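Numbers here simply count residues along the sequence, with the first being 1. The shown structure was predicted, so the numbers you read here are calculated from the model rather than taken from an experiment.
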Amino acid sequence: MLFTLYKIIGSFVVPPGILVLLLSIASLLAFKRPRKVFLGCLLLLIALSFYLLSTPITSRIALGRLENMVAPSLPADKAAIVVLGGGQRRTSDPDKAEVSPHTLMRLFGGIELALKFNWPILLCGGSYSQEVPEAMTMAKKVKELFPDLLIYEESQSRTTWENIKNASSILRSLELKHAVLVTHGYHMPRAHLIAQGLAPEINWHPFPVGKMADNAPLSLIDFLPGASSLHINSLALKEHVGIIAYRIKLFIER
């Protein structure tokens, strides 16, 4: 009982829970005389939306669906392993650059395949300003762990679309017809869709890693707001919007 109270109180005294609580209180005050019905409804809607975006139960639905949309597959012939970047510590000093835990998970997936099949790795990720390109930071980490692996770097891209576009050019120059696409499970549906659209002549084999949606039986924790759930659900929302936007783009271009 004490643990339950601890978790509930802890969820609503720090962001995002405290914001949900404050918005809910403000909504109730707006319904008091003189009543401001529109303002009260608006604040209540914002509080509810913020709550849903901050809870694990939403992650199970929004993120879990994405993670199960594309099944993993591997080619029988030689392929390149295309690892999409997932963030880094931004810096202009190569010695201080570090891949994010998100990217590290993708790297581990790519390294696992490279060690097993002796396939080259193509690392994708550029920079937004003057910082070290993400592909360079990724390559540094791989070389620290396994210096004998064959690595190619694509360091000009800033988006998933650019990742695939630039990687496809490198794959064509290497005369490889198969590519294993490595990224997080929630990101794979959009990345694989773009890859098939931009380079249909290449056989793209999805290899999703790092599932993030919970799979344990439902409990109180699934209904309490938290910063990690807000982050995860924001990623899921971005991916759903991105998929819709790309499908609209394909429809317009037909």
**Message:** Could you check whether any side-chain N or O of Tyr51 sits under 3.5 Å from a backbone N or O of Pro225, counting only pairs where one atom can act as donor and the other as acceptor?
**Reply:** no
**Item:** Any donor-acceptor N/O pair, Ser127 side chain to Pro133 backbone, under 3.5 Å
**Value:** no
**Request:** Using the rule that two of Ile, Leu, Val, Met, Phe, Trp, Tyr join whenever any of their side-chain heavy atoms come within less than 4.5 Å, decide whether Met188 and Leu250 are in one cluster.
**Result:** yes
**Message:** For the backbone of Gly126 and the side chain of Gln156, can you confirm whether one donor and one acceptor N or O come within less than 3.5 Å of each other?
**Reply:** no
**Request:** May I have the step-by-step check of side-chain contact (heavy atoms from CB on, under 4.5 Å) for Arg90 and Ser129, ending in yes or no?
**Result:** CA-CA 10 Å; Arg90 296 177 59 203; Ser129 55; 3.5 Å; yes
**Asked** Would you call Val70 and Pro189 a side-chain contact if the rule is heavy atoms closer than 4.5 Å?
**Response** yes
**Request:** Evaluate side-chain contact (heavy atoms from CB on, under 4.5 Å) for Leu48 paired with Leu23, printing each intermediate quantity in order.
**Result:** CA-CA 9 Å; Leu48 180 60; Leu23 285 167; over 6 Å; no
**Request:** Please say which of Asn233, Ile232, Leu237 ends up in a side-chain contact (heavy atoms from CB on, under 4.5 Å) with Thr58.
**Result:** Asn233
**Prompt:** Is the count of non-hydrogen atoms from other residues, nucleotides or ligands lying under 6.0 Å from Arg172 atom CZ greater than 12?
**Reply:** yes
**Prompt:** What pair of heavy atoms forms the shortest contact from Val180 to Phe207, and how long is it?
**Reply:** CG1-CB, 3.6 Å
**Request:** Taking the side chain as every heavy atom from C-beta outward, state whether Lys78 and His178 have any atom pair closer than 4.5 Å.
**Result:** no
**Message:** Is any side-chain heavy atom of Asn163 closer than 4.5 Å to one of Val82?
**Reply:** no
**Message:** Other residues, nucleotides and ligands only: do more than 12 of their heavy atoms fall within 6.0 Å of CD on Glu144?
**Reply:** yes
**Request:** Report yes or no: does Gln88 contribute a side-chain atom to a donor-acceptor pair with the main-chain N or O of Ala97 at less than 3.5 Å?
**Result:** no
**Request:** Kindly work out whether a path of hydrophobic side-chain contacts (I/L/V/M/F/W/Y, heavy atoms less than 4.5 Å apart) joins Leu84 to Leu198.
**Result:** yes
**Asked** Which of these passes side-chain contact (heavy atoms from CB on, under 4.5 Å) with Phe146: Ile121, Ile111, Ile151?
**Response** Ile111
**Chi angles and distances behind the ring-ring contact (aromatic ring centres under 6.0 Å, His included) call for His231, Tyr186** = CA-CA 13 Å; His231 172 65; Tyr186 74 85; 8.7 Å; no
**Minimum side-chain heavy-atom gap Glu239-His187 below 4.5 Å** = yes
**Request:** Please check if Phe31 and Ile46 belong to a single hydrophobic cluster, counting links between Ile, Leu, Val, Met, Phe, Trp and Tyr side chain heavy atoms closer than 4.5 Å.
**Result:** no
**Asked** What's the shortest heavy-atom distance between Leu176 and Ala79, and which atoms?
**Response** CD1-C, 4.5 Å
**Message:** Which heavy atom of Ala139 sits nearest to which heavy atom of Glu153, and what is that distance?
**Reply:** CB-OE2, 3.4 Å
**Asked** Is the backbone of Ala135 close enough, under 3.5 Å, to the side chain of Glu154 for a donor and an acceptor to pair up by distance?
**Response** no
**Prompt:** Is Phe12 linked to Ile25 within one hydrophobic cluster, defined over Ile, Leu, Val, Met, Phe, Trp and Tyr using a side-chain heavy-atom separation of less than 4.5 Å?
**Reply:** yes
**Asked** For Lys140, does the NZ atom sit with more than 12 other heavy atoms under 6.0 Å from it, leaving out its own atoms?
**Response** yes
**Prompt:** Do Phe108 and Leu145 touch side chain to side chain, with heavy atoms closer than 4.5 Å?
**Reply:** yes
**Message:** Any side-chain to backbone donor/acceptor pair from Ser24 onto Val20? Under 3.5 Å, distance only.
**Reply:** yes
**Request:** Please check if the side chain of Lys141 supplies one atom and the backbone of Val99 the other of a donor-acceptor pair under 3.5 Å.
**Result:** no
**Asked** Mind checking whether Phe117 and Ile81 have side chains closer than 4.5 Å, heavy atoms only?
**Response** no
**Prompt:** Arg106 side chain to Val182 main-chain N or O, any donor-acceptor pair under 3.5 Å?
**Reply:** no
**Request:** For Leu235 and Leu66, run side-chain contact (heavy atoms from CB on, under 4.5 Å): C-alpha distance rounded to whole Å, both residues' side-chain angles, the deciding distance at 0.1 Å, then the answer.
**Result:** CA-CA 11 Å; Leu235 292 175; Leu66 287 169; over 6 Å; no
**Message:** What I'd like to find out is whether the side chain of Leu123 reaches to under 4.5 Å of the side chain of Leu107, using heavy atoms alone.
**Reply:** yes
**Message:** For the backbone of Glu131 and the side chain of Ser92, can you confirm whether one donor and one acceptor N or O come within less than 3.5 Å of each other?
**Reply:** no
**Asked** What's the shortest heavy-atom distance between Ala167 and Cys124, and which atoms?
**Response** CB-SG, 3.8 Å
**Asked** Yes or no on side-chain contact (heavy atoms from CB on, under 4.5 Å) for Ser168 and Ile202, after CA distance, side-chain angles and deciding distance?
**Response** CA-CA 8 Å; Ser168 299; Ile202 297 173; 4.3 Å; yes
**Asked** Of the non-hydrogen atoms in Leu44 and Ser27, which two are nearest, and what is the gap between them?
**Response** CB-OG, 3.3 Å
**Request:** Using a 4.5 Å cut-off on heavy atoms from C-beta on, say whether the side chain of Trp204 contacts that of His192.
**Result:** yes
**Request:** List the atom of Val83, the atom of Gly110, and the distance in Å for their closest heavy-atom pair.
**Result:** CG2-CA, 4.0 Å
**Asked** Taking everything shown except Asn215 itself, do over 12 heavy atoms lie less than 6.0 Å from its CG?
**Response** no
**Request:** Answer yes or no: is there an ion pair linking Asp222 with Arg60, defined by an N-O contact shorter than 4.0 Å?
**Result:** yes
**Prompt:** Counting N and O atoms only, with roles assigned by atom type, does the side chain of Ser54 sit under 3.5 Å from a partner on the main chain of Phe50, one being a donor and the other an acceptor?
**Reply:** yes
**Prompt:** In the single-linkage hydrophobic clustering (I, L, V, M, F, W, Y; side-chain heavy atoms under 4.5 Å), do Leu181 and Trp119 co-cluster?
**Reply:** no
